[in-house]
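Written out below as structure tokens is the structure these notes cover.
Sequence lines set the chain letters: A, B, ... in the order given, protein chains first and strands last, and positions in each chain run from 1.
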Amino acid sequence: MMNRTNSVLHAFIKFRGNSITISPFSSFQFGLQYGTHSHGSSVIDKITNLNDALNLFDVMSQRRPLPSIVMFTQLLNVVTKMKHFPSSLHLFNQMCSLGLPVNEYSMSIAIKCCCQLYRTNDGFAVLGSCFRRAIPPNVFIFNALLDGLVLEDKILEAENLFKKLIKQKLCEPDVVTYNTMIKGLCKFGNNVTALALLRLMEQTNCKPDIFTYNTIIDSLFKDKMIDDAFKLFKEMVSDKGILPNVITYNSLICGLCKLGRWDEASKMLKEMEDENISPDVQTFNVLVDAFCKEGKVEEAEAVINIMVERDKVPDIVTYSSLIDGYCLRGEMIKAREIFDSMTLRGLVPNVVTYSSLLNGYCKNRNIEEAMQMFRQMTGQGLKPNVVTYNTMLQGLFQVGRCVDARKLFNEMHAQGLIPDQCTYRIIVDGLCNNHLVEDALSLFQLMGDSKLNSDIVVYTILIDGAGKCGKFHIARNLFHGLSVKGLKPDVRTYNVMIGGFCREGLLGEAKLLFLKMEESGYPPNNVTYRVFLQGCLKNQHYDDVEMLLQEMDDRGYSLDASTLSLFIDDIAAGLLDRSMLKLLGKLVPKELIDDPSLCDWE
DNA sequence: CTAGGGTTAG
């Protein structure tokens, strides 16, 4: 029941903005006594911003006798729900100092805050204090810790904790425990174990629910295992009688769109409407993004119009996708227009929005504008992240501004950002493409045993770059040095080396490597055949051509247009025998035969 | 009386 005091208080709290100090006998306090009626809404429920919460906490902590731990916990939870985790922890500490009898409720909130701040270790420290205070940790506390480990990608520790809970009977795992563990497994692409856990749940008291299914269905879709995803979807609906919700459909539609299976996506959209589940902003965002990724901005705009008709307000994500779409098409003026229009709509571009626009300017070689926007972004207090820097670095290298790239890389370091493997790949690739192989090499040596030196992709880029810059001896040394570093060449590395040998006219060595691939457990792929075959043809080394064509046919690969074109002169000159011609005919893909521009060969 | 979980954007 809503009483008069509550509404007075509500008005009062709203008034708080103007630093009014509350006297100990104000109506605010009076209301506190009635604040938490079991059936009414309380003062605490009405709090909508951090300041009000902190002020109320001050008032409460000055009262004697102190309000109950329950009220403090309610307030603590309000602050936590607002995601002001550091403030929550501060309040929790104050609660302890006030001598309040903190219990498993407040403890679980405090632990959750630590974990959400990526400080799960501190969370475990709080767990320790639970034991010291003789507060038996319960399933809520363990779930928060498990979630923290998953959040920090400490999947092995998460698995250990999960097993320990069960083995040592620390608490009875509930559906949230299972779901959290499943979320972690899915995050690491371990769908098999996630499914096994789902089956295990079926044998316990806590049955899988919509959360369980949504998590695994989404993960299966992310790994392109559509059939399995649909099987699970059907199992959920038909066998378990669990109705899909908007999130289930969003996952399904997102997965189908990403695979370009538009028909099925629109079928799901229709099914969803039939089930009376109305698409939400995220459903529309998925559609907008999918269209934009294909450069189909007109369709994306149409989706946005429908969205608006249905009273859904396009948000920052919607517009970020749209910006991506226009950038992809090189329509930077339009992209910028959308970016600028966001502010008028009361939307504040964030790092992602800026990064999209920067990426557009960079890819369209307008590095000046990109730089200017980059400065504007930092000027607005937005902190560029690793992806932002990667985008800018790539842009600078693309126009040959290696010195500026270097400066930006230093700036990135100064900001305390840790370059990721993508950063190193961009730098090494950029230096190589700008004929600065030596710089790439010295950077490489400078990095010692860091990530750079243990990433086969960077190695491959460097080997490729050295070879293409006429320093094949370096490429060769790098390749032979791989095993010393404990690195195994992958298919791409082999392809790059085979290409390098061919470029140098060392066909014998190329062939040795080609044969070694199979032995090393990396069977040649279509790129290998293309590279080696082109090498053979350019070097007029016909010995292996028939063997290669035969193998390609066996493995179901076909010839690409550029390789095929190398055969044409030989065909015209009548240099190829009948069996070879027959083989060639089999390897020409249907698309090429249908291509009218290629019809007048003979 | 007070505590927990799932989806989207570079």
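- For A:Val352, the side-chain atoms get nearest to B:dG10 when compared with the rest of B:dT8, B:dT2, B:dG10.
- Between A:Asp315 atom CG and B:dT7 atom P there is a gap of 17 Å when expressed in whole angstrom units.
- Residue ring and nucleobase are stacked for A:Phe140 and B:dA3, with a centre distance beneath 5.5 angstrom and an angle between planes beneath 30°.
- Phosphate contact (OP1/OP2 of B:dA3, side-chain N/O of A:Lys112, threshold under 4.0 Å): absent.
- Distances were taken from every side-chain heavy atom of A:Thr388 (C-beta onward) to each of B:dG6, B:dT8, B:dG10; the shortest belongs to B:dG10.
- Distance A:Lys312 NZ to B:dT8 C1': 16 Å, rounded to the nearest Å.
- Among B:dT8, B:dA3, B:dG6, the nucleotide with an atom closest to any side-chain atom of A:Gln282 is B:dT8.
- Between A:Phe291 and A:Trp262, the ring planes are parallel. Angles under 30° get that label, and only those over 60° would be called perpendicular.
- Between A:Asn359 and the phosphate of B:dG10, there is no side-chain N or O to OP1/OP2 separation shorter than 4.0 Å.
- Counting any heavy atom pair closer than 4.0 Å across all strands shown, A:Asn77 reaches sugar-phosphate atoms only and no base atom.
- With salt bridges taken as basic N to acidic carboxylate O contacts below 4.0 Å, one links A:Glu202 and A:Arg199.
- Minimum atom distance to the side chain of A:Ser355 is reached by B:dG10, of the listed B:dA3, B:dT8, B:dG10.
- The A:Asn245 side chain lies nearest to B:dG6 when the options are B:dG6, B:dA9, B:dT7.
- Applying the 3.5 Å distance criterion, the base of B:dG10 shares no donor-acceptor pair with the side chain of A:Asn390.
- A salt bridge between A:Asp227 and A:Lys231 is absent, with no side-chain N of the basic residue lying under 4.0 Å from a carboxylate O of the acidic one.
- Of the charged side-chain nitrogens involved, none lies within less than 4.0 Å of a carboxylate oxygen, so that A:Glu298 and A:Lys334 do not count as a salt-bridged pair.
- Here the nucleotide nearest the side chain of A:Tyr105, chosen from B:dT7, B:dT8, B:dA3, is B:dA3.
- The nucleotide whose nearest atom lies closest to any side-chain atom of A:Val317 is, among B:dC1, B:dG6, B:dT8, B:dT8.
- With respect to A:Lys183, the side chain to side chain donor-acceptor pair (under 3.5 Å) criterion is satisfied by exactly one of A:Thr212, A:Thr215, A:Asp147: A:Asp147.
- For B:dT8, one of the phosphate oxygens OP1 or OP2 lies less than 4.0 angstrom from a side-chain nitrogen or oxygen of A:Lys222.
- Across all strands shown, A:Val175 has heavy atoms under 4.0 Å from base atoms, whether or not it also approaches the sugar-phosphate.
- Of the listed nucleotides (B:dT2, B:dA9, B:dT8), B:dA9 has the atom at the smallest distance from the side chain of A:Asp324.
- When each of B:dG6, B:dG10, B:dC1 is scored by its nearest atom to the side-chain atoms of A:Lys183, the top-ranked nucleotide is B:dG6.
- One finds no side-chain N or O of A:Lys258 lying less than 4.0 angstrom from the OP1 or OP2 phosphate oxygen of B:dT8.
- Rounding to whole angstrom units, CG of residue A:Asn250 and C1' of B:dT8 are separated by 8 Å.
- When distances are taken from the side chain of A:Ile247 to each of B:dG6, B:dT7, B:dA9, the shortest belongs to B:dG6.
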